[in-house]
Amino acid sequence: MDLINIDVVSDVVCPWCYLGKARLDQAIANVAGEIHVTVNWRPYQLNPDLPPEGVDHKPHLAAKLGGQAAVDRAHQMLTGLGQQDGIAFDFDAVKISPNTLDAHRLIRWALTEGPEIQSKVASLLFKANFEQGRNVGDHAVLLDIATEAGLDRNVIAALLASNADKDAVGEEIEAARGMGVTGVPCFIIDSKYAVMGAQSVDVLTDALRDIAKMKNTAQIN
């Protein structure tokens, strides 16, 4: 079976990243039995300068997107797209725009338990923010998510209370920017090919098959 590794550069407060994850999951399901895909979640921060406690979400987003009318249009479009991909966006429930550094630290620690657990934590963070309106910058919320994913709550609590891996996460984000990543999601396949944005399931499925075919051709030659 062909092997492919995907590094997904994303932020847990990016709705397009949530859509991208849902579509990638479907694309991976489409090639099951043909290609074994390993997914690693890599950090990016859309709003790195927000305070640790976050800010009031609605005025922050309106200022960022150019007014409430622009926000409403974006939310209407995203809600429709989410319904097609099994995501129940509830933008009215989101009260806080968080600083996502600690969420990215949690995703990083989850990888020590394997990529499946890391992916589960990423899913739970997206769902908490976009469907449940929970503050994913709040340590209590992060601890509940860690526990739900099967991580050791006491260990994660101790790590969150420390500065563990803050610098490492920051360095990863800078490395992504150095590679030319200016928006997310970005899917980096086998450290060679970049697919930008929340592409359709068909595009992602075709990309996986095309890259697997190129790898086979290169190995034969």
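FYI, side chains are in, hydrogens and waters are out, and symmetry mates aren't considered; it's all heavy atoms of this structure.
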Beyond-backbone contact of L81 with F89, side-chain heavy atoms, under 4.5 angstrom: no
Nearest non-hydrogen partners of N99 and P51, listed with the distance: CB-O, 3.5 Å
Between D72 and Q76, a side-chain donor and acceptor under 3.5 Å: no
Short side-chain donor-acceptor distance under 3.5 Å, E53 and N135: no
Close side-chain approach of T205 to R209, heavy-atom, < 4.5 Å: yes
CE/M179: more than 12 non-hydrogen atoms of other groups inside 6.0 Å: no
Same cluster (ILVMFWY, side-chain, under 4.5 Å), L204 and I211: yes
Contacts of type side-chain contact (heavy atoms from CB on, under 4.5 Å), residue S119, not counting sequence neighbours: K21, W41
Same apolar cluster (I L V M F W Y, side chains within < 4.5 Å links), Y18/W16: yes
Student check: side-chain heavy atoms of L111 and N40 closer than 4.5 Å: yes
Remaining members of hydrophobic cluster (4.5 Å side-chain criterion), V203: none
Transitive ILVMFWY side-chain link F126 to L46, under 4.5 Å: no
CG-CG distance between L143 and D102, expressed to the nearest 0.5 angstrom: 10.0 Å
Aromatic plane relationship, H75 with F91 - under 30° parallel, 30 to 60° tilted, over 60° perpendicular: parallel
L142 side chain reached by L125 side chain, heavy atoms, under 4.5 Å: yes
Salt bridge present between D190 and K215 (N-O < 4.0 angstrom): yes
Heavy-atom side-chain contact between M1 and E34 under 4.5 Å: no
Pair K213, N216: side-chain N/O donor-acceptor within cut-off below 3.5 Å: no
Short side-chain to backbone donor-acceptor contact, H104 and Y44, under 3.5 Å: yes
Spatial distance of atom CG (N47) from atom CG (D11) [nearest 0.5 Å]: 7.5 Å
Heavy-atom closest contact (F187 atom, I6 atom, distance): CB-CG2, 4.2 Å
Residue pair R108 / V169, side-chain heavy-atom distance below 4.5 Å: yes
Salt bridge D144-R153, side-chain N to carboxylate O under 4.0 Å: yes
Value rounded to 0.5 Å, distance of CZ in R105 from OG1 in T100: 12.0 Å
Rounded distance [0.5 Å steps], CD1 in I28 versus CZ in R23: 14.5 Å
Over all atoms of both residues, closest heavy-atom pair of V94 and K58: O-NZ, 3.3 Å
Interatomic spacing from CG in L159 to CH2 in W109 - rounded to 0.5 Å: 4.5 Å
Q132 side chain vs N129 backbone, donor-acceptor pair below 3.5 Å: no
Nearest heavy-atom neighbours spanning A70 and L65: CB-O, 3.5 Å
Residue pair L106 / A146: nearest heavy atoms and the distance that separates them: CD1-CB, 3.8 Å
Whichever hydrophobic residues join V55 through chains of side-chain contacts under 4.5 Å: L50
Derivation of the side chain to side chain contact (heavy atoms under 4.5 Å, CB included) call for L124 and E148: CA-CA 9 Å; L124 290 170; E148 187 174 349; 3.4 Å; yes
Rounded distance (nearest 0.5 Å) linking atom NE2 of H36 with atom CG of N5: 9.5 Å
Heavy-atom pair with the smallest gap, counting every atom of E172 and P43: OE1-CD, 3.5 Å
Flag, side chain of Q118 to backbone of I107, donor-acceptor distance under 3.5 Å: yes
L151 reachable from V141 in the ILVMFWY side-chain graph, under 4.5 Å edges: yes
Side chain to side chain contact (heavy atoms under 4.5 Å, CB included) between L3 and I35, intermediate numbers included: CA-CA 6 Å; L3 304 176; I35 306 168; over 6 Å; no
CG (D56) with more than 12 external heavy atoms under 6.0 Å: yes
Co-membership, hydrophobic cluster, residues L61 and V13, 4.5 Å side-chain: no
Non-hydrogen side-chain atoms of E131 and I87 separated by less than 4.5 Å: yes
Heavy-atom side-chain contact between I4 and L208 under 4.5 Å: yes
